Amino acid sequence: MTVVLKLGGSVITEKDEPETLDGRTLTDLADAIAEADLAGLVLVHGGGSFGHHHAAAHGVSTTEGTRDARAAMDVHGAMTTLNRFVLSRLHERDVSALPVHPLSAAARDAAGDLSMPTAQVATMLGEGFVPVLHGDGVVHAGEGVTVLSGDELVAHLARELDADRVGVCSTVPGVLDADGEVIPGIDSFEAVADLLGGSDATDVSGGMAGKVRELLALDAPAHVFGPDALGEFLAGGSPGTRIG
Ligand SMILES: Nc1ncnc2c1ncn2[C@@H]1O[C@H](COP(=O)(O)OP(=O)(O)OP(=O)(O)O)[C@@H](O)[C@H]1O
Ligand SMILES: C=C(C)CCOP(=O)(O)O
């Protein structure tokens, strides 16, 4: 059973305070992960206040790039710092987590299509490790370096690894309707397009609308849920909003 799980940057950081961790929530999520069956689990985390502030400050998005290596390193460096925090919380709980940094492995062609090998991720899984990837900068033909979102990585990994389940843990308990209630299931983008906004915080990669679009394109069932429901998802449950 292969499960791809994203820990939203807005969950594990204080998204409005540059480079500030939400240590308490990250600890709770690490506890839930440590209690779960870890075989086949691939983790991805987003940028929150580590990646998005730097990307926005340099005018870099998923489509607008930079050829300034220092700007690219501001984004990448902040993301590897956040990745170290996530890894250390997992190691403290004896989770055999190993990092995979997309900047050094991935590329986009001129049309923006992503390529990234996944043999290292599959081999880590085969050897009993938990790979931990993250949103990052990515070299992009014709643009320099653009942003690769964790949501895009989740979709890529789910396809390449033929995942059985996908989970996206965000600040919200699911995709919300106009009354703020969790929508149980989404089968088409058009049906919910008017409800989906970007993010409340600085976010260069599309917020909830981008997430739903990526997840709908997958074969594997995906769930969007809040931090309280991570244990339920990892135990095989279907919390929040089911997508696809
Ligand atoms: N209909 C909706 N239902 C739920 N959330 C919505 C909706 N429309 C917009 N949003 C926003 O989407 C946000 C979640 O997307 P966001 O990209 O910020 O989360 P994340 O993946 O946890 O963070 P990051 O992108 O930093 O990894 C919510 O906090 C909310 O502000
Ligand atoms: C801004 C960066 C580098 C990461 C974007 O990943 P996301 O938070 O999953 O959208």
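Just follow the structure's listing: the first ligand is 1, and inside any ligand the first atom is 1. Because the structure is predicted, anything quoted here is derived from the model rather than measured.
Sorted by first and then second residue, the pairs that involve residues 59-82 and meet salt bridge (charged side-chain N to carboxylate O under 4.0 Å, His left out), not counting sequence neighbours, are Asp68-Arg70. Judged as a side-chain hydrogen bond (donor to acceptor under 3.5 Å, both in side chains), the pairs with a partner in residues 28-44 (not counting sequence neighbours) are, in order, Asp31-Arg93.
Shown are Thr25, Leu29, Ile12; of these, the side-chain contact (heavy atoms from CB on, under 4.5 Å) with Cys169 is made only by Leu29.
When only interatomic distances are considered, the shortest N/O to N/O separation between His45 and ligand 2 does not fall below 3.5 Å. Taking any N or O of Val175, backbone or side chain, none lies under 3.5 Å from an N or O belonging to ligand 1. Residue-to-ligand polar distances place Lys6 within reach of ligand 2: an N/O pair is separated by less than 3.5 Å. Ligand 2 has a nitrogen or oxygen under 3.5 angstrom from a nitrogen or oxygen of Gly47. An N or O contact shorter than 3.5 Å is missing between Asp151 and ligand 1 by distance. Polar contact with ligand 1: present for Gly9 (N/O pair, distance under 3.5 Å).
Classification of Glu152 and Arg108 as a salt-bridged pair holds, one side-chain N sitting under 4.0 Å from a carboxylate O.
In this structure, Arg159 places its CZ atom where more than 12 heavy-atom neighbours from other residues, nucleotides or ligands lie under 6.0 Å away.
Those atoms of ligand 1 that come under 4.0 Å of a heavy atom in Gly48, given as number and element, are 26 (O). Of all the atoms in ligand 1, the ones that sit under 4.0 Å from a non-hydrogen atom of Lys211 are 15 (O), 16 (P), 17 (O), 19 (O), 20 (P), 21 (O).
Between Gly210, Gly150, Ala72, Gly48, it is Gly150 that holds the heavy atom closest to atom 6 (O) of ligand 2.
Residue contacts with ligand 2 leave out Gly9, since none of its heavy atoms falls under 4.0 Å from the ligand.
Ring geometry, Phe233 versus Phe225: the interplanar angle falls under 30°, so the pair is classed parallel (tilted spans 30 to 60°).
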